[in-house]
Structures are given as structure tokens and as C-alpha cells.
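Reading through the C-alpha cells given below for one structure.
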There are 2 protein chains.
Amino acid sequence: MNFDQLQSFVHVAELGSFTAAAERAALTQPAVSLQIKLLEQRLGVRLIERVGRRAQPTPAGLELLTHARRIIQELAGAEESMVPHRSGIAGRVRIGSGATAFIHLLPLAISKAKAKMPGLDITVRIGNADDILRDLEANSLDLAVVTMPASGRSLEVEAFYEDELMAVAPKGAEMPAAGPDAAFMSEKTLLVYEGGNTRRSIEEWMSAGGVRLKPAMEFGSVEAIKELVAAGLGWSILPGLSLKRDRTDFLEARPVRPKLARRLGIVIRRDKHLTRGLREVLKALRETKAAPASA
Amino acid sequence: MNFDQLQSFVHVAELGSFTAAAERAALTQPAVSLQIKLLEQRLGVRLIERVGRRAQPTPAGLELLTHARRIIQELAGAEESMVPHRSGIAGRVRIGSGATAFIHLLPLAISKAKAKMPGLDITVRIGNADDILRDLEANSLDLAVVTMPASGRSLEVEAFYEDELMAVAPKGAEMPAAGPDAAFMSEKTLLVYEGGNTRRSIEEWMSAGGVRLKPAMEFGSVEAIKELVAAGLGWSILPGLSLKRDRTDFLEARPVRPKLARRLGIVIRRDKHLTRGLREVLKALRETKAAPASA
DNA sequence: ACCAAAGAAATCCTTATGATATGAATAAAG
DNA sequence: CTTTATTCATATCATAAGGATTTCTTTGGT
């Protein structure tokens, strides 16, 4: 049972002639005869009544005609619906990211990609690196922006942004000009972001400085910590990214000594097919790297 | 663009695997790979994302999936619709009916239709009017015989049989010669058929007579009620149809006053194509109307 | 104007082969 | 002793070549 057979049948029924139907389908007349014959065999029903030189649908043919027309129309609709996808007008990119990277890095990149490709459908999932990477491996995400290192052998990591960690204090607090070191920081009331790679980096940095991290409180939100520090409740060590934009008039920030940075990476599956939308987003991200958070 | 290709695509998308899809279609895996590839080439869109050992539909694929499913379903419908026409004489008519109408009206009509068309395949579904009509609209039934009124804009109703409701009492009970009225009946122990249009008619009839229906017991089977009345457990009001045949020697039956009848209708879909089998059954039914339950 | 038969063309399927990812088992390191 | 790399076996999809089937055209009836 073929589309061609149905199409030919419709033509024959409409035109009342095998020859005319053949002509319209750019076929020879015997080909059409055969198609109808096969269709009739397949369905076990006579579809076209050959009387004299007229070809006329039987009752069964008449009923099939309505079905066939609908099927052909549906088919055209299916084809039609693929056009936006074909021309690269439509697309989808599912991004996973940590909260900080998302807030300060992705909006610009997303808007750039959207400007290039208005039909692009971008979704973002915020989560911790582990979950994000698991989803990436399961291919329920197309792209991730997470703190390195990112494990997983099926994943490809591209260094993307170096985000220096800063000591943060309330405005007016005194801070060593060369930057506070681990010993200095360990004497302050520390509000720390809980969990994640960033937290681990800070712990290692303090260990290297000979002291242990003794957080006074832990929070799940960098934004919350910023507010608390600004209100004078303690010090913190936060990603520079999160300090670029606002609250600078209530906060004192300086790079720690020795320098400590977390490196953000763009992660995709090694075998991921790069759609146009995905390429646009990647390009926009790499451009953002050059001029970060300038918005 | 082939049905097979679409079918394979649907299978791959649903099963998430080329190999599994191949197995289901009784093909080899490369055949399925090729079909998908050709389909993708034809449409100019990537439909299945092959990532790792999993296969999942792209956004374009997801959209095509809905179309493809519909097309395949339409095709099956087309094929199905040819079955009644097949081999001239064979066919199938699916009838839905209430239990009473079925037992006393349909057997005769069915045997008549079968005599005319021995190859005809007739199936009957018993149920309440609502379910039957729903199935009729869904085209999983071809014809229904139910108590009117039958709602449904896509349905065509033909009045078919007037079935007088009779007061039924155990043999020997005294009954007004002109027929019992509502007041009279309300003093008896009443066994009533539960639910349905017939029940509603009786309620209205008693309301019109100034009394309320106070059933002693309700049953789901007219046959059961007949037995109980015959056993002297009470009175009832039943369709005359159900009293024509048997048990007359144990039952006293008389039309109620004022006369009360339920009207049975033949219902088909307005756009239903009349196959020969269906026409035969309709004809047989209309003949039965003239000489009801004489068998 | 449609049907039938035979050869030609195209399509489609299968077998065989290769590449890649996954999962388990094993070895190495903190 | 748990965690992280490495290795190997296995499962999956892609590709290529050969062969079988289908389908079309040509030619000659009815």
C-alpha cells in the first residue's frame, strides 16, 4: 500500500481516466493500471468500474476516496510542518547551568543567540553540577555551563571563563592591600555557599594556607550571602562574577592571596550533533567570554 | 516517502532503538537505518538524534511523530472501511442495543438479514443507551437500537417501534378493566428496572398522575423482575415487548392508563456509509416493526 | 481507452563490516 | 577501603556491496 497508489487512485477517480491520471503523475498509462490493480488486490475490493471508455469509482472506491484524500492531505501537512525546522528557523537548545553562571553569564549569550536566530527555543535548567552533567549524559540537556573539573568520559569540556574568587566584606572594613590570605580570612565570621565545586576550591585554598575552613553559617544562595555581608553580618568568599553588577557600594571586595579562581567550562556530549541553534549558542557564549557581564 | 518509513520512524521514536524497531517490523537493523535516513533526506531535517546507544526524536521528529501517527491511523481506517465491501457478499454490522430490545426484537431481524446475506457477520453489544451512543459516535458501532430520545448532533434517529408499557401482576391479581392508573399502582409493591430512559418515563407518568414513584426494589434485569412478579413478590411496569413471549400463564398484564409507551429508535451516524450488509439489517429491522416478536 | 507480457530500471532488503559508546571487571591511587 | 582510571567485552548504529523484489516502460493486443 503506497502513497503513490492512493494518489493515482484519487487522480483516476477525479479525472475519470487512467491515461489522464498517468499524464498528471508523469507516468505511463500501464503503470497507473498496475497501481490500481495492486491496490484493488491489496484491499480485496474493486475500486474503479471500467465501463466503456469511462472509469468510474465503485461504491467502495467512493468511500476509499474520502479516506485517500484525507491521508494525502495529512501527508502534505506533515511535510509542511517540517519546513521551519529544515530552514533552521526553528530549533531547540536545552542548557543546564549553575545559578551564578546563569544569572551573570547566560542572559547576554542567550539574547545574542536569539537575535541571530529568532525562532530558537532555549530552555535553561538550574541545578548543581552533578545533576546537570547526568542530564547531559542522558541527553536530556544539550549543553552545560558548570564549574570544572567536569568528569565523565563521554563529555567534552571546553574551558570558558575564569572566575576569580574574591574576599567580600562590608563597606569600610579594613582589608590587606595585597589581598587577604587564608590565615586572615580564618579569623573572620565566614558565610559560605554550601556544596558544589566552588566550596571545595575554597576548602582546598584554606588547607593550603595551613588553616581549616570554619564557616559560621552556610547558605544555598550566593545572592543571599551578598545581602548578609552588605548588612554587616560577616565576610565571605564569593565568585567575582556575582559581584560585578550591583551592591558594589555596600561591599568591599578584593582578590584573595594567593590568587584563587574557579574555572567555568562549557560541556557537551562528545558525540553530540551540532544543530544550527546549538552552534549559535556556543558562539554567543564564546563571545560573551571576551566581554563578560558588561550589560 | 513511504508508509513503511513513517511506521519505522514511529517505532524507533517510541522504542528508542533502531534494533528494537527493526525487530518489531520483522526487518534487519540496517533496513531501518536506511529508512530513517531516507526520510530525513526527503524532509531535509534530522528526525532522530543518535546519541550514544540511545535514539531519541529531535524537536522536528517530535512534531512529525504526531503527524505520522495520525497518518498511520487514517490508513488503518481506510483499510478497515474496505472490509465491508470485500468479496461482494461478506460484511460486518456491529449493532448496539439495550437488553430488552435485543432479546425481543433483534434476533428476528438478524436472522432475516442473514438469510438474505449468509456471509454477513453480525455482532451485538448490549449496554445502556449512553454507552451505546458514545460507541456509535466513535464509529465502533454501526447501528444502535435504543430508547428515544437519543441526543447527539452527528446522529440520525429513525422512530422504529412503539413499545407500550404494561402493568404486570401475578396471575389472578385483580386489575381495573380499563387499565390501572398511577394512583392504583402507587399502592402496590413495585419492582422497578433501574436507570435508563424507560425508568424516567415511568417516573414522569406517575408524577403526571399526582403520585411519586416509590419502588420497593430495583433490579438491573427485566427478566429478573418478570420472574419475581410471577413468583408473587410484587407488581411492576414493564415494556410490552418483554411480555409478548413467555410467562404469560403466570403473569397478568394490561396497558396502564393513561397509555404510556417508550419509543425505540434506530440510530446511525449521519455520515455513515451504507454498506450492503447495513442496508440489509436496516431493512430487516423495519420489517420486524410490522410484525413484531411473532416468532 | 484499457489490459497483458517482457525487458529495463529503480528500489529495497540482507549480509558483512566498521566505528563508537556503554557497562563490568580490574588495576591503581588517595 | 573507597574512589578513580583503564581495559575489555558487548551492544548499537552507520556504511558498503550484492542480490532479490518491485515497479516502470515498451510493445502488442482487446
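Side chains included, hydrogens not; waters and symmetry mates left out as well; all remaining heavy atoms used. Proteins come first, then strands; the chains are lettered A, B, ... in the order of their sequence lines, and each starts at number 1.
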*For Thr19(B) and dA11(D), is the shortest distance between a side-chain N/O and OP1 or OP2 below 4.0 Å?*
no
_On the nucleotide dT22(C), are OP1 or OP2 found under 4.0 Å from the side-chain N or O atoms that Arg269(A) carries?_
yes
Short question: side chain of [X], backbone of [Y] - any donor-acceptor pair under 3.5 Å?
X: Ser8(A); Y: Gln5(A); answer: no
X: Arg54(B); Y: Ser17(B); answer: no
X: Arg94(A); Y: Asn139(A); answer: yes

_Within the 4.5 Å heavy-atom criterion, are Leu285(A) and Leu143(A) side-chain neighbours or not?_
yes
_Under 4.0 Å protein heavy-atom contacts per nucleotide of nucleotides 14-30 of chain D, with B for base, S for backbone only and - for none_ = BB-------SSBB----
*Would you please name every residue forming a ring-ring contact (aromatic ring centres under 6.0 Å, His included) with Phe219(A), sequence neighbours left out?*
none
*Please check if any side-chain donor atom of Glu74(B) sits under 3.5 Å from a side-chain acceptor atom of His67(A), or the reverse.*
no
_If only side-chain N and O atoms count, and only distance matters, is there a donor-acceptor pair under 3.5 Å linking Glu137(A) with Ser154(A)?_
yes
What is the distance, rounded to the nearest whole Å, between atom [atom1] of [X] and atom [atom2] of [N]?
X: Asp271(A); N: dC13(D); atom1: CG; atom2: P; result: 13 Å
X: Phe3(B); N: dC12(C); atom1: CZ; atom2: P; result: 14 Å
X: Glu23(B); N: dA11(D); atom1: CD; atom2: C1'; result: 13 Å
X: Leu47(A); N: dC2(C); atom1: CG; atom2: P; result: 16 Å
X: Arg53(B); N: dA24(C); atom1: CZ; atom2: P; result: 10 Å
X: Glu204(A); N: dG30(C); atom1: CD; atom2: C1'; result: 13 Å
X: Leu15(A); N: dA1(C); atom1: CG; atom2: P; result: 13 Å
X: Glu156(A); N: dA21(C); atom1: CD; atom2: P; result: 10 Å

*Would you work out how much the helix from dA1(C)-dT30(D) to dG30(C)-dC1(D) bends between its ends, with each end axis defined by five base pairs, to 10 degrees?*
40°
_For the CD atom on Glu79(A), are there more than 12 heavy atoms of other groups (residues, nucleotides or ligands in this structure) within a distance under 6.0 Å?_
yes
_Neighbour count >12 (heavy atoms, 6.0 Å) for atom CD, Glu14(B)_ = yes
